[in-house]
Amino acid sequence: MEKTGCNSIRVLGIETSCDETGLAIYDGCHGLLGQVLYSQIDIHAEYGGVVPELASRDHIRKIIPLLRQLLDECGVNKTDAVAFTVGPGLSGALMVGAMFGRALAMGWGVPAVGVHHMEGHLLAPLMQGQVSFPFLALLVSGGHTQILSAQALGDYELLGESLDDAAGEAFDKVAKMLGLDYPGGPQVAARATRGRDNAFDFPRPMLDRPGLDFSFSGLKTAVRLAYEHTPDYPGRIEDLCASFQAAVVDVLVQKCIRASRMTGIRNLVIAGGVAANQSLRAQLMANPTIQTYFAPPQLCTDNGAMIAYAGYQRFVQGERMGLSVDIRPRWPLNRHEVLKGL
Ligand code: KG4
Ligand code: ZN
């Protein structure tokens, strides 16, 4: 449906920061015109995690056919700008999308916009337009667990973060420990639905301390000890998954409520791969003190649509990237001001 008072600017978004090659076109009037996504999960599964060199090579193989497919599907020859993830992520993988995107923008004679991967996640729930600034954001992915206060585009204050493993990383490591496939989050979540939340009494790390930081590595160790010391019984893996998931979700939910109390901000956006977790979604939605917003599950994990949307937002605010490609494998989101007019 066409929005009123919109502009018809179209931005291509390219995501290659890890093991997904995602491309999409966002249009200021019509929203998402189309997206294509190729996941390398099968390539990395046999190694139990992402192999950076294999990831870069596969992005190179897939990026041109995927762009052709997207342009065909959308009936578009070119866009008004090209946005691509410049960080954080795997250096080689970022380099593929950034070099390709920058060169494509030059070939098309249009501006380029470098996008912060986590800002892509953060803004994805705004694509449907139900929530606006200011809001709290819980970013939970394979590499990040952070609570931020978002005042405006590019104005983000970090309120708390994980001191060790990210929540998604804890899901992945627990899955590996229990002999489940990579990526572990969906595997653990699926088994958790058939297990008992209270079968194991796992710790709720950092809940007894003030503040909004997290820690998940002790919880992971608790799961390992329980796994090693509990004799096998039918449903043991399901119970371990359910009790582990309950502990992670409990900590995430309690910290979000605390953040809302501390800041007086009621709206909460949950983003990143772990935001696809149904138990986390259900418990946040059930809480009357906060109003929670999510992207649809397929836009929670890595994709090109969120990069196209974040790129569009920055482009219309005047952000332009120069000719040199500067990838940023490590890049805190709270240092991401809007860079105008190069
Ligand atoms: O955002 P994302 O696709 O990639 C990163 O930027 O890290 O997040 C991937 C992470 C992985 O750790 C994966 O196990 C986790 O999100 N994940 C989940 C679920 N779906 C994906 N964790 C828990 N429950 C899920 N349903
Ligand atoms: Zn991500």
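Just follow the structure's listing: the first ligand is 1, and inside any ligand the first atom is 1. Atom set for the values below is all heavy atoms of this structure, side chains included, hydrogens, waters and symmetry mates excluded. Just so you know, residue 1 is the first one in the sequence shown, and it goes up from there.
Summary: OD1 is the N/O/S atom of Asp302 found nearest to the Zn ion (ligand 2).
Listed by first and then second residue, the ring pair (Phe, Tyr, Trp, His ring centres under 6.0 Å) pairs involving residues 118-153 are His117-His121, Phe133-Phe135 (not counting sequence neighbours).
For residue His144, no N/O/S atom approaches the Zn ion (ligand 2) to within less than 2.8 Å.
Those atoms of ligand 1 that come under 4.0 Å of a heavy atom in Gly273, given as number and element, are 1 (O), 2 (P), 8 (O), 16 (O), 17 (N), 18 (C), 19 (C), 20 (N), 21 (C). Here is the list of ligand 1 atoms found below 4.0 Å of a heavy atom in His117: 6 (O). For ligand 1, the atoms sitting less than 4.0 Å from at least one non-hydrogen atom of Gly143 are 7 (O), numbered in the order shown with element in parentheses.
Separation of the Phe171 and Phe244 ring centroids falls under the 6.0 Å cut-off.
Ligand 1 has no atom lying under 4.0 Å from any heavy atom of Cys18.
By the 3.5 Å distance cut-off applied to N or O atoms, Phe171 is not counted among the residues near ligand 1. The shortest N or O to N or O distance between His121 and ligand 1 is below 3.5 Å.
Of all the listed residues (Gly142, Ala175, Ala166), Gly142 holds the heavy atom that lies closest to atom 5 (C) of ligand 1. For atom 11 (C) of ligand 1, the nearest non-hydrogen atom from the set Val248, Val50, Asp172, Thr85 comes from Asp172.
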